[in-house]
Amino acid sequence: MLGGLALAAGLAALATPVLVGLVRSGAGVAGGVTLLVLLALHVRVVTETPVRRAGAWWIVAVQAWLTYLPLAVFGAAWTPVFALLSGALLVMAARIRSVVLVLLALACGPVLLAAPDRAMIDTAWVLAAPLLGVVEYTMVELAKRVRCLTEARTDVMRKTVALERRRFTRDLHDLVGHRLTVLVLKAQLVQRLVDEDDKRAGDEARETLELLRNLSADVRAVAHGLRSSSLAAELGSARSLLESVRVRCQIKVSCRDLPGDVEEALTHALREGVTNVLRHAEARECSIQLLERDRLVRLTIRNDGVRPPRRPWDRGQGLLNLAERVSSLGGWLETTSSRPGMFTFNAYVPLDH
């Protein structure tokens with residue numbers, strides 16, 4: 001926008017003395033029409049983005065023809081337009097990386113000093129033409145660079161917004177989805193205990209209320225990107241949760257002090273694996289192992305009571321989110337069924353990435 005305004009102001013400043021001189025010489029109409037055509041061609045040369053490497057050559061040729069030939073008719077009043085040709089040649093020289101065009105641009109005005117009749121030219125404008133051409137080329141290049149930077153900034157902002165939206169959606173699904181699954185199971189457990197007049201119903205109800213409070217805090221943390229994960233806490237939570245729904249849980253951990261990003265990825269993997277056990281299986285036993293070998297950490301969750309999936313080809317959004325997290329660290333996921341009803345989920349994350 002600013003580049004266009006600067007170019008328009010520069011062309012107007014150059015056209016004004018030309019029109020004044022043409023009117024004084026009595027060639028205002030013919031000269032004005034010729035100047036208008038010349039300005040239109042010039043604007044197209046310096047503002048277009050050519051498809052071919054040497055695009056707009058015919059426009060430059062016509063501009064050169066309209067620059068030199070009218071000089072014999074309009075005389076010294078036409079001399080300032082040589083600055084336009086100098087600027088156009090410099091713009092074209094930059095596009096095709098031509099030193100020859102640069103030399104022609106710098107010489108297209110001063111070459112008139114060799115004219116036999118000096119009365120036909122304005123010496124000051126002839127000498128100023130290369131300088132004005134350089135000024136115009138500089139404005140055009142600055143406008144192009146500003147446009148490129150603006151487009152790049154817009155693209156970066158668009159990608160940043162998309163990444164943040166993706167992060168929010170992924171964290172919301174991975175965390176809140178897990179919490180909601182736990183809450184549903186807890187509510188079902190409380191209802192069953194109440195029906196059985198079990199004294200544990202009050203304890204389970206208090207745990208359910210605490211989960212609701214944690215869920216509210218988790219949603220706020222996800223919204224502000226402040227969520228931090230603790231693998232040790234999640235392991236304890238997984239054991240407590242599985243045992244509360246009468247699933248015997250065994251946990252084996254042989255690695256400590258993991259890097260923050262690895263720990264966070266494995267925490268999400270553990271949460272997703274436990275959620276799948278609760279959501280897609282009628283498990284009675286579940287084992288969780290966290291092992292390290294050769295700088296590679298493996299999280300294994302194995303459970304029984306797996307129900308056939310309604311859509312075997314659908315991995316679910318949770319696993320897709322998890323695969324994205326793990327792959328960003330150079331890791332991968334594996335799922336296997338060792339025998340009917342048994343399911344094994346493995347998440348591998350390298351410590352060096």
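Values below: all heavy atoms of this structure, side chains included; hydrogens, waters and symmetry mates excluded. Nothing here was measured: the structure is a model prediction, and the numbers come from that model.
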Residues forming a salt bridge (charged side-chain N to carboxylate O under 4.0 Å, His left out) with Arg293, sequence neighbours excluded: none
By salt bridge (charged side-chain N to carboxylate O under 4.0 Å, His left out) - contacts of Lys252 (at least two apart): none
Is it the case that over 12 heavy atoms from other parts of the model lie below 6.0 angstrom from the [atom1] atom of [X]?
X      : atom1 : result
Glu282 : CD    : no
Glu243 : CD    : yes
Trp65  : CH2   : no

Step-by-step side chain to side chain contact (heavy atoms under 4.5 Å, CB included) determination, Thr344 to Ile301: CA-CA 6 Å; Thr344 302; Ile301 302 176; over 6 Å; no
Within the structure provided, determine whether [X] and [Y] are in side-chain contact (heavy-atom separation under 4.5 Å).
X      : Y      : answer
Leu127 : Leu113 : yes
Leu38  : Gln63  : yes
Pro259 : Leu351 : yes
Met92  : Val45  : yes
Val253 : Leu291 : no
Leu278 : Leu242 : yes
Leu84  : Leu39  : yes
Asn346 : Leu299 : no

Ring geometry between Tyr68 and Phe82 (parallel below 30°, tilted from 30 to 60°, perpendicular above 60°): perpendicular
Rounded distance [0.5 Å steps], CG in Leu132 versus OG in Ser86: 8.0 Å
Value rounded to 0.5 Å, distance of CG in Leu266 from OH in Tyr348: 12.5 Å
Side-chain ion pair, Arg295 and Asp352, N-O less than 4.0 Å: yes
Hey, is the main chain of [Y] close enough, under 3.5 Å, to the side chain of [X] for a donor-acceptor pair?
X      : Y      : value
Ser328 : Arg325 : yes
Asp304 : Met342 : no
Asp122 : Ala124 : yes

Side-chain donor-acceptor contact under 3.5 Å, Thr300 with Arg298: yes
Side chain to side chain contact (heavy atoms under 4.5 Å, CB included) between Phe345 and Val274, intermediate numbers included: CA-CA 10 Å; Phe345 167 78; Val274 172; over 6 Å; no
Residue pair Val46 / Val140: nearest heavy atoms and the distance that separates them: O-CG1, 3.4 Å
Thr34 versus Pro70, closest heavy-atom pair with distance: CG2-CG, 4.2 Å
Linked, directly or transitively: Ile96 and Leu85 (ILVMFWY side chains, under 4.5 Å): yes
Where at least one partner belongs to residues 124-137, residue pairs that pass side-chain hydrogen bond (donor to acceptor under 3.5 Å, both in side chains), sequence neighbours excluded: His42-Glu136
